[in-house]
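Quick note: residue numbers are just sequence positions, from 1.
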Amino acid sequence: MIRKTSAMVEAGILAAIAIVFAIISMYVPVIGSFINFLWPLPIAICGMRNGLRWSVMTLIVADIAVAVLISPLHAFSLLAAFGLVGLTLGECMRRGYTPFKLMLISSTACLISIGASLLIALYIMGIHPVDMMFTSLEEAARESVGYYQSMGMSQAEIDAAVKSNTEMLRMMRLIMPGAFFLCAPIIAFVNYLAARKILSKLGAAFAEFPPFTQWNVPGWLLWPYGISLLMVSYYVQYPESLMYHIAVNLQVITSVFFVLQGIALIYWWLEKNNKPKWWGTVSVALLFFVQIFSQIIVFVGAFDLVFDFRNLSGKRSSKRA
C-alpha cells in the first residue's frame, strides 16, 4: 500500500512537470522549443521508477491537463510526437538494457512517433507542417531583399544572396526526410542522458556508453553510403526524380554516422599523442562552417571503418602475438 501511494505521488508530480514543460514550450520563445523535446523526460522517469503502468497514467493525466489548459490540438500533438518515446525509454531503462540497445529501441519509437504525428497532421488535421515551415522561410527570404538594400548592397550582390538563399531552401526541402530520420536518435539520446543524470542522483545505476574515442559505427554502413554516391552521380541529371531524392537522403544519413566516426578518430589521435583537446573542439566547429572540411571528415570516418586505424577489432594485436 505504501509503495502504491509513493508511486501515485511520484506520478502526480511528474505529470505536473510534464504540464509545465508543455506550457513553457507553448508560450516561451526559443527556450520553449528546446523544452518541447524534453517533454518525454517525466514520462520516462516515472516508467523507470514505477513501471509501465504508472508511466501510462502519467502520460494520460498530463495530456488531459494540457488539453484543458492549452488546447486539445496541442495535447494531441504532444501525445503523438513524444508519448511513445517517453513510455519506451522508461521501460528500456527499467529493464536495464545496454545503452546501444536502449538507443536503438527508443530511436525506433521516436521515428514512429514523428511519422505518426506528420500523418495525423496531414490526413486528420488537414495541415502540412513541412509546407507551412517552408512557406514561412520563403517569405522571410523575400523580405530579406529589403534588408540587403538598406545595407547598401549592389543589385548583383543582392541577386547572388537571393540565389544562395533559394538554393539553400531547395536543399533543405530535399533532405527533410533524412533530417526527420536523424532527429529520432537525437531526441532519444538527449532524453536518455537527462533521465540518467536525474535518476543517478536518486541512486539508480546504469551501464555507461563506451568512451567516445572507442565509438565505432557498423561496417555495413559502407554499402548504403557507396550506393548513395553512385545513385547521386547518376541521377544528378534528374534532380526531380524520386531516386535522386532517395539517394541524397541516404547519403546525408550515412554521412552523419561517418562524421561521428571521424570525430571519434580525431579525439583518439589527440589522446594518443597527448595533443591539446581544444584541437578537437576546433575540428567540430569547422564541421559547421567549412563545407569541404565536413566532407573530409566523412571520408576520414569511412576510411577508419575500412582500415581500423584504432585497432578496435584487435586483429593487429593478435597478429603480433
Side-chain angles (χ1 to χ4, degrees), residues 33-34 36-37 81-82 85 103-104 107-122 127-142 144 160-190 217-218 220-263 283-302 305:
S33 300
F34 293 100
N36 197 45
F37 290 111
F82 301 113
V85 184
M103 281 298 303
L104 178 62
S107 298
T108 302
C110 191
L111 187 61
I112 292 172
S113 295
I114 292 173
S117 61
L118 289 174
L119 290 175
I120 289 170
L122 185 60
I127 59 176
H128 199 303
V130 175
D131 284 347
M132 290 175 60
M133 180 185 71
F134 278 102
T135 298
S136 300
L137 291 174
E138 288 165 0
E139 180 64 27
R142 286 192 293 269
S144 66
V162 170
K163 182 179 179 181
S164 176
N165 291 338
T166 302
E167 179 60 25
M168 180 182 67
L169 290 176
R170 187 191 71 82
M171 184 55 64
M172 286 176 60
R173 185 182 286 273
L174 180 62
I175 66 173
M176 189 56 63
F180 280 132
F181 183 90
L182 293 170
C183 274
I186 293 173
I187 293 173
F189 184 68
V190 169
V217 302
W220 55 262
L221 280 176
L222 287 169
W223 288 102
Y225 179 67
I227 291 171
S228 71
L229 290 177
L230 294 175
M231 290 177 65
V232 168
S233 299
Y234 179 78
Y235 287 102
V236 69
Q237 54 189 326
Y238 310 108
E240 301 302 323
S241 67
L242 176 62
M243 296 304 295
Y244 179 73
H245 287 213
I246 293 174
V248 171
N249 281 276
L250 185 59
Q251 185 175 342
V252 167
I253 293 169
T254 52
S255 292
V256 169
F257 286 102
F258 289 137
V259 164
L260 288 175
Q261 181 93 1
I263 292 296
S283 299
V284 173
L286 288 175
L287 282 172
F288 298 97
F289 298 107
V290 183
Q291 184 175 2
I292 187 64
F293 184 79
S294 61
Q295 191 59 55
I296 290 173
I297 295 299
V298 170
F299 289 134
V300 167
L305 204 56

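Residues passing the side chain to side chain contact (heavy atoms under 4.5 Å, CB included) test with A247 are M231, V232, sequence neighbours excluded. Every side-chain hydrogen bond (donor to acceptor under 3.5 Å, both in side chains) that E167 has, sequence neighbours left out, goes to R170. Checked against ring pair (Phe, Tyr, Trp, His ring centres under 6.0 Å), F37 has no partners two or more places apart in sequence or in another chain. Scored by the side chain to side chain contact (heavy atoms under 4.5 Å, CB included) test, I175 finds M171, V248, N249, V252 as partners (sequence neighbours excluded). With sequence neighbours left out, the salt bridge (Lys or Arg N to Asp or Glu O under 4.0 Å) criterion links E240 to no other residue. In terms of the side chain to side chain contact (heavy atoms under 4.5 Å, CB included) criterion, residue partners of S294 (sequence neighbours excluded) are, by chain and number, L287, Q291. With sequence neighbours excluded, the residues that form a side chain to side chain contact (heavy atoms under 4.5 Å, CB included) with L242 are I246. Residues satisfying the ring pair (Phe, Tyr, Trp, His ring centres under 6.0 Å) test with F258, not counting sequence neighbours, are Y225.
Between the S117 side chain and the S113 main chain, a donor and an acceptor come within less than 3.5 Å of each other. In this structure, T254 contributes its side chain and Q251 its backbone to a donor-acceptor pair below 3.5 Å.
Here the closest heavy-atom approach between residue I114 and residue F180 is recorded as CD1-O, 3.8 Å. Between L182 and I186 the shortest heavy-atom distance is O-CG1, 3.3 Å. A pairwise comparison of heavy atoms in V259 and I297 identifies O-CG2, 3.8 Å as the closest pair. Closest non-hydrogen pair, Y244 versus P239, comes out as CD2-O, 3.4 Å.
Taken to the nearest 0.5 Å, the CZ atom of F299 stands 8.0 Å off from the OG atom of S255. Summarising the geometry, atom CD1 belonging to I227 is positioned 8.0 Å from atom CG belonging to L230; distances are rounded to the nearest 0.5 Å. H245 NE2 to M176 CE: the interatomic distance, rounded to the nearest 0.5 Å, is 13.0 Å. The CG atom of L221 sits 9.5 Å away from the CG atom of L250 when rounded to the nearest 0.5 Å.
Within the 4.5 Å cutoff, no side-chain heavy atoms of S107 are placed close to those of F189.
F34 CZ: 12 or fewer foreign heavy atoms inside a 6.0 Å radius.
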